[in-house]
Amino acid sequence: MSSLEDTQRFDSRDALTWTRADSTPASLRRFQLDLFTLRGWGTIVSGALLVFLAYILGRHEMMAIGVGLLTLALVSWLLVLRLRNKSKLSRSLLTPNPVVGDVTRLQLSCSENAKVQESLPAEFGPGPEFTGPGEKVYELIFRTRGIHLVGPAKQILSDPLGLVDGLVDSGDAMPVPVCAEIHPLERFASLGDKMLTGDAKFSRSTTADYYDVATRDYQQGDSIRQVHWKATARQGKLMVRQENHVATAQALLVFDRTFEHWHTNGADLRLGIPHGDGPPIQSSRRFETALSLACSIGQRYAANGYQLLFRELSGEQLLQAGSLSLSGASAQAGFEDLHAASAEMALRPPSNVTEGPEILGEGLRKLLLGFRDEPVIMILGELRTDQAAWLATLARSVRHVELFLLVSHPERYHEVQQRLLQTGWKIHFLAANTDINELWSQS
């Protein structure tokens, strides 16, 4: 069992400190002939040369030596491969829901006598080694979200004669979903002046799982089942339960996934987010910042008891429909669903249709009518002046909006900014390289 002192940590930020190079031809790796060492290849070449000369010269003793050398190399190779099949490797993820920038712990176990080296994603470099039976606990720090493949582990094989020495795959690769980075916003100023002050304010009447036990005097028409007998005995008159449904505050988070809003020109740094065995997910630096911002805000609201609704610009749900309960527990669960989905969150496919000024769909506009006095968070990409003017018209019906606009060149958005500042909303114009922590420390 590995001790804490033995735990190795690998950070993908160190990707430039090493170079992975496979000098062995692919044809040899395909048939695992790359396991032969220089001594092994020398033995094979010597044996083949002796067999050839024996055939030319008719020397039987030379033929026997040559065949013996070839047999020796072949037997060593087969035995080493056979030993590989006895090794049983298993891998487990010790950290639930890995997050960008946090430490992710994994454990690789081997039940047989074997020397094992873990295979890490390309940005980490060579993985940890250990000798079984036993297990090895190690730590990874991912710097990008996505579905990262860890493994397959490689068994280090060798023979006593030094003819064979190399790595062969053993076991399967394990996909590790890594969620978007979360910034601890509770350390900084609140999200808006009136949106987050202490616990969530009870502002929406809902069906709930329990009732307030306040009492009142009996009135004609009250059911006998509403009588609070203990209060009746204490007060000396008939008292009934005051059945007030518990309310839970809600907030709406609108997240822009329109491809054209995040890939507008050459100024956007395009990224490929790993997606397991599939092709990388297209993204950009601005979109990654926006997704991290959405998760950070979502966590802050959920921690304060807000039931979050997640919508795209069209009004479609950003996530699958969750629980209908509006308890504090489901509020946290709703955020956790968003955070888990961030590992595979992708932009909408590009569209050739020219956008008009109305960037919000009919479904979202109707939903916003129910959020006149409740928090609405919008996280958008590029925005034209006519779209900003149309968006500003919503201020008449939606008052508490915090709008984050992530653009390539904030200095070019003076007119858009002027239109939006007239709404009375809290507006943030952010560049792609904005540090979210600095944003809140200045709020």
Side-chain angles (χ1 to χ4, degrees), residues 184-186 189-254 296-311 315-340 362-378 394-402 424-426:
L185 303 183
E186 67 273 6
S190 63
L191 296 172
D193 297 331
K194 299 181 180 180
M195 293 187 183
L196 280 177
T197 54
D199 294 332
K201 304 303 179 183
F202 297 140
S203 59
R204 178 183 290 270
S205 296
T206 64
T207 57
D209 300 328
Y210 60 97
Y211 296 98
D212 190 356
V213 293
T215 57
R216 59 174 174 80
D217 292 344
Y218 175 83
Q219 298 176 1
Q220 186 176 3
D222 288 336
S223 171
I224 193 65
R225 290 178 297 181
Q226 293 179 248
V227 173
H228 194 295
W229 296 108
K230 289 185 178 181
T232 298
R234 186 170 57 251
Q235 297 291 337
K237 58 182 178 179
L238 204 57
M239 305 292 293
V240 296
R241 292 182 176 86
Q242 177 76 42
E243 295 183 348
N244 294 328
H245 294 298
V246 176
T248 301
Q250 285 190 324
L252 174 63
L253 193 152
V254 180
S296 301
I297 293 176
Q299 183 192 53
R300 180 76 193 281
Y301 271 88
N304 280 266
Y306 280 85
Q307 180 73 25
L308 282 163
L309 301 181
F310 305 103
R311 294 292 187 271
E316 296 181 10
Q317 293 195 41
L318 197 61
L319 306 173
Q320 297 294 329
S323 170
L324 296 178
S325 171
L326 293 177
S327 65
S330 68
Q332 185 63 30
F335 158 72
E336 291 173 356
D337 289 342
L338 170 70
H339 196 214
E362 181 65 25
L364 182 57
R365 294 202 298 272
K366 291 181 178 179
L367 181 62
L368 286 171
L369 295 177
F371 283 81
R372 177 179 178 85
D373 297 312
E374 294 176 296
V376 176
I377 306 100
M378 294 187 183
L394 299 178
R396 293 191 295 266
S397 56
V398 187
R399 296 187 295 182
H400 299 302
V401 174
E402 185 133 13
W425 298 342
K426 191 165 186 179

Inter-residue atom distance R234.CZ - M239.CE, 0.5 Å rounding: 8.0 Å
For I377 against I297, the heavy-atom pair lying closest together: CG2-CD1, 4.0 Å
Residue pair V240, H228: steps toward the side chain to side chain contact (heavy atoms under 4.5 Å, CB included) verdict: CA-CA 5 Å; V240 296; H228 194 295; over 6 Å; no
Where F335 and F310 come nearest, the two heavy atoms and their spacing: CA-CZ, 4.3 Å
Within-4.5 Å side-chain heavy-atom neighbours: Y306 and R300: no
For the student: nearest non-hydrogen atoms of V398 and L368, plus distance: CG2-O, 3.6 Å
From CG (L308) to CD (Q299), nearest 0.5 Å: 11.0 Å
Heavy-atom side-chain proximity of L394 to W425 below 4.5 angstrom: yes
D217 side chain near L238 side chain, heavy-atom distance below 4.5 Å: no
Note, R311 side chain near L367 side chain (heavy atom, < 4.5 Å): yes
From L252 atom CG to Y301 atom OH, the distance as rounded to the nearest 0.5 Å: 10.5 Å
Residues in salt bridge (charged side-chain N to carboxylate O under 4.0 Å, His left out) contact with R365, at least two apart in sequence or another chain: E358, E362
Side-chain heavy-atom pair V376, M378 within 4.5 angstrom cut-off: yes
For K230, salt bridge (charged side-chain N to carboxylate O under 4.0 Å, His left out) partners two or more places apart: none
Closest non-hydrogen atom pair, G298 against L253: N-CD1, 4.5 Å
Over all atoms of both residues, closest heavy-atom pair of P375 and Q250: CD-O, 3.5 Å
Side-chain touch F371/L309, heavy atoms, less than 4.5 angstrom: yes
Which residues share a side-chain hydrogen bond (donor to acceptor under 3.5 Å, both in side chains) with Q235, sequence neighbours left out: none
